[in-house]
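Notes follow the structure.
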Amino acid sequence: MLRKSVKWLVVAPTLGVGGYTLARKQYSEFAFRSKNLFLDANELQKIYKNEIVQNSGNAIRLHPSVGAKNPERRRIVVVGGGIIGASTVYQLGKNGNNVDLVLVDRNPDAGLETSYQNGGLFSLSLCWPWTNWSNMMVLIKSFFNFDNEKLGTFKFGIGSILEPNFFTWGLNFLIRCSGPNADITNMKKLFNLASLSRRELTKLNEEDLSLADVVHKSVKGTLRLFQSKNLVDHFQEFPKHFKNLGGQLNWLNSTEEVKGVEAGLADSKVQHVAGAEMTLDFNMDCLKLTNGLINVAKEKFGAKFLQNNEVKKFVFQKDSQQCIGILTSEGFIPADDVIISSGNGSKPLMSLLGYKVPILAAKGFSVAVKKPSNRLPLEHNIYDENQYVYVTSLGDEYRISACAEFVGFDYSIPENRKKWLLENTEALVGDVERNTARFWTGFRPMSPDSAPIIGAIPGRARVWINSGHGAKGMVQALGSGKLISELVLGKETSISASDYSLNLSLIHI
């Protein structure tokens, strides 16, 4: 009797999980077939002749700005006009032959969401992932803390539970935390992609786009600063693995050594007991890079950029079940391939395809504020390990970014958040011209292990994804654009593509 009871303790949960998985797969296929369009050859011919075709209650007409597809060329549509979509369409143009490129975005211009006013850091040292038990405990504690000022860095709010992908993301996060050497495995993925981006940025500057107005080359790297010995001890594992991957790091063992390498901290009100200088980092303007890449793609590779176009449905060939385009608010765009690169906008698009992709919106804040004219400029990006605050110098301004709130899509910026950002800025670098402050909030599309999801979407022929970059979008953009272009074009990949596959997300339907 006892043996049978134990047996059912094992079998019952297995049957439950198996039954749930089977039900989800069936629902996934139902959602896929009910939410998209399936056209036969006769309907396609009518559309190509500029006739309006009725299908499943939809009046389908050819998009007026694109027209029919040239059968002798390969048309690739990229959805999303932020830094990831811009990098993707640029890399497709650079690496592809005989391709027509179309970039589609729901906004009136490029980079108006998460790419608009990010922290400005291009930092290889941002490769330490969130997937560890200490971060998980901070997130759990923050769920029961409604005072933003007590936990300035993280906040888990009730609004996050209302997100459709919350539990999918959470389960994947737990799985990624619990694997053997999870930190190191995920760190390697993030570093490899960032390193590829850095190499591609150098090529971009040499071949296609002068980055003189985008990259601030005067910056000597990033200073990661510690206010207590406990934080230094907690950080000890990072340098060893970072250097093994190819990173460069110099230890600074006192407040004097920190200020000795960074004169811009002369007015700092914080005593840092130690610091780590990462010399391969720099900073740049994400919005300028986004627009620069799109302009190169248009002028050099003939890409079209369609603004104010919201994707309503995917369109598949009825007999082959292969994706043949998208239906936007302005009409049908025929395509050979479709790449989803729209950050948090990727979630509803993947839902159309029957997938609960594990991406969660992490709300971040930034402020741009002028520094006093007599203040020495920062020669490094500053990262305070105590408060998780980033400070960069962009021209005559400081750009400060911080916080990760999982609260759903709440665009408000509470006054105590504004106060917290400015107070931490002045503690780090000295007084600023507060009356010039421009506050901003954006939603980072965060995957469970901080690494993007890149590759083909299983069972949805000719549809691809390049999304989920979280707070590391600018650092990973050109690398992930390169990788997805190699996959789509059938070329040998620069780094292992399997590390970023959707199949790694054990729960995604």
Side-chain angles (χ1 to χ4, degrees), residues 62-67 75-93 99-118 209 285-315 323 325-353 357 359 361 409 411 440-445 452-454 457 463-470 473-474 476-478 480-481 484-485 488:
L62 205 57
H63 195 291
S65 300
V66 177
R75 179 181 284 171
I76 305 174
V77 173
V78 178
V79 182
I83 185 61
I84 304 302
S87 298
T88 299
V89 78
Y90 165 75
Q91 293 285 23
L92 286 165
V99 293
D100 289 330
L101 302 171
V102 181
L103 180 63
V104 175
D105 194 73
R106 61 189 177 186
N107 292 303
D109 211 343
L112 294 185
E113 296 191 21
T114 313
S115 303
Y116 184 74
Q117 188 176 299
N118 73 348
L209 176 65
D285 190 311
C286 186
L287 183 59
K288 287 183 179 179
L289 180 61
T290 300
N291 282 295
L293 289 168
I294 292 174
N295 288 335
V296 172
K298 288 163 61 178
E299 295 165 9
K300 189 170 183 177
F301 308 126
K304 291 185 177 180
F305 180 30
L306 306 180
Q307 300 105 315
N308 295 312
N309 272 254
E310 186 171 359
V311 177
K312 299 294 187 181
K313 296 177 184 290
F314 291 88
V315 182
C323 184
I326 56 173
L327 181 68
T328 78
S329 49
E330 299 299 314
F332 169 53
I333 303 176
D336 294 292
D337 298 272
V338 177
I339 304 173
I340 301 171
S341 298
S342 50
N344 286 298
S346 301
K347 294 187 290 183
L349 295 180
M350 289 292 287
S351 179
L352 288 176
L353 298 170
V357 63
I359 293 174
F409 289 93
Y411 283 87
W440 175 85
T441 187
F443 295 88
R444 312 174 185 108
I453 301 166
I454 303 171
I457 299 175
V463 188
W464 310 77
I465 185 169
N466 179 17
S467 193
H469 298 72
M474 187 172 72
Q476 299 171 341
L478 281 165
S480 61
I484 192 66
S485 73
V488 173

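Keep in mind the model is a prediction, meaning the values are calculated, not measured.
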Practice task
Quick one: pull up CG in L352 and NZ in K347 and give me the separation to the nearest 0.5 Å.
Solution key: 14.0 Å
Exercise for the section: Can you measure from CG (L306) to CG (D105) and round to the nearest 0.5 angstrom? Expected result: 10.0 Å
Practice task
Please report the shortest heavy-atom distance between T88 and I339, naming the atom on each side.
Solution key: CG2-CD1, 4.0 Å
Practice task
For the residue pair L62 and P334, establish whether any side-chain heavy-atom pair is separated by less than 4.5 Å.
Solution key: yes
Problem - Note, I340 side chain near I457 side chain (heavy atom, < 4.5 Å) - result: yes
Fill in the blank from the handout: In this structure, CD1 of I326 is separated from CD1 of I333 (nearest 0.5 Å) by 4.5 Å
Exercise for the section: Report yes if some heavy atom in the side chain of I83 is under 4.5 Å from a heavy atom in the side chain of L293; otherwise report no. Expected result: yes
Problem - 4.5 Å side-chain heavy-atom contact, F332 and V66 - result: no
Practice task
Can you measure from CG (L103) to CD (Q307) and round to the nearest 0.5 angstrom?
Solution key: 8.5 Å
Problem - Considering all heavy atoms, the nearest A297-V89 contact - result: CB-CG1, 3.9 Å
Problem - Side-chain donor/acceptor of S329 to backbone N/O of E310, under 3.5 Å - result: yes
Fill in the blank from the handout: So OG of S342 and CD1 of I84: to nearest 0.5 Å the spacing works out to 11.0 Å
Practice task
State, to 0.1 Å, how close G81 and I294 come at their nearest heavy-atom pair, and which atoms those are.
Solution key: O-CD1, 4.2 Å
Practice task
Find out whether S467 and I453 are in side-chain contact, i.e. whether some heavy atom of one side chain is under 4.5 Å from a heavy atom of the other.
Solution key: no
Handout entry: Within-4.5 Å side-chain heavy-atom neighbours: V463 and L353
Key = yes
Handout entry: Pairwise side-chain contact, F409 with N344, heavy-atom cut-off 4.5 Å (strictly under)
Key = yes
Exercise for the section: Please check if the side chain of R75 supplies one atom and the backbone of V102 the other of a donor-acceptor pair under 3.5 Å. Expected result: no
Problem - Check: S346 side chain, S341 main-chain N or O, donor-acceptor pair, under 3.5 Å - result: no
Practice task
Would you please classify the geometry between the W440 ring and the Y116 ring as parallel, tilted or perpendicular, with 30° and 60° separating the classes?
Solution key: tilted
Problem - Distance in Å, Y90 OH paired with N295 CG, rounded so as to fall on 0.5 Å steps - result: 13.0 Å
Handout entry: Non-hydrogen atoms of A303 and K298 that approach each other most closely
Key = O-CG, 3.4 Å
Practice task
Report yes or no: does Q91 contribute a side-chain atom to a donor-acceptor pair with the main-chain N or O of L478 at less than 3.5 Å?
Solution key: yes
Exercise for the section: Could you tell me which non-hydrogen atom of T290 sits nearest to which non-hydrogen atom of S115, and how far apart they are? Expected result: OG1-CB, 4.1 Å
Problem - Passing option when N309 is tested against E330, H63, R106 for side-chain hydrogen bond (donor to acceptor under 3.5 Å, both in side chains) - result: H63
Problem - Side-chain (N466) to main-chain (I454) donor-acceptor, under 3.5 angstrom - result: no
Handout entry: Polar side-chain atom of N107 near backbone of E113 as donor-acceptor pair, under 3.5 Å
Key = no
Handout entry: 4.5 Å side-chain heavy-atom contact, S65 and K304
Key = no
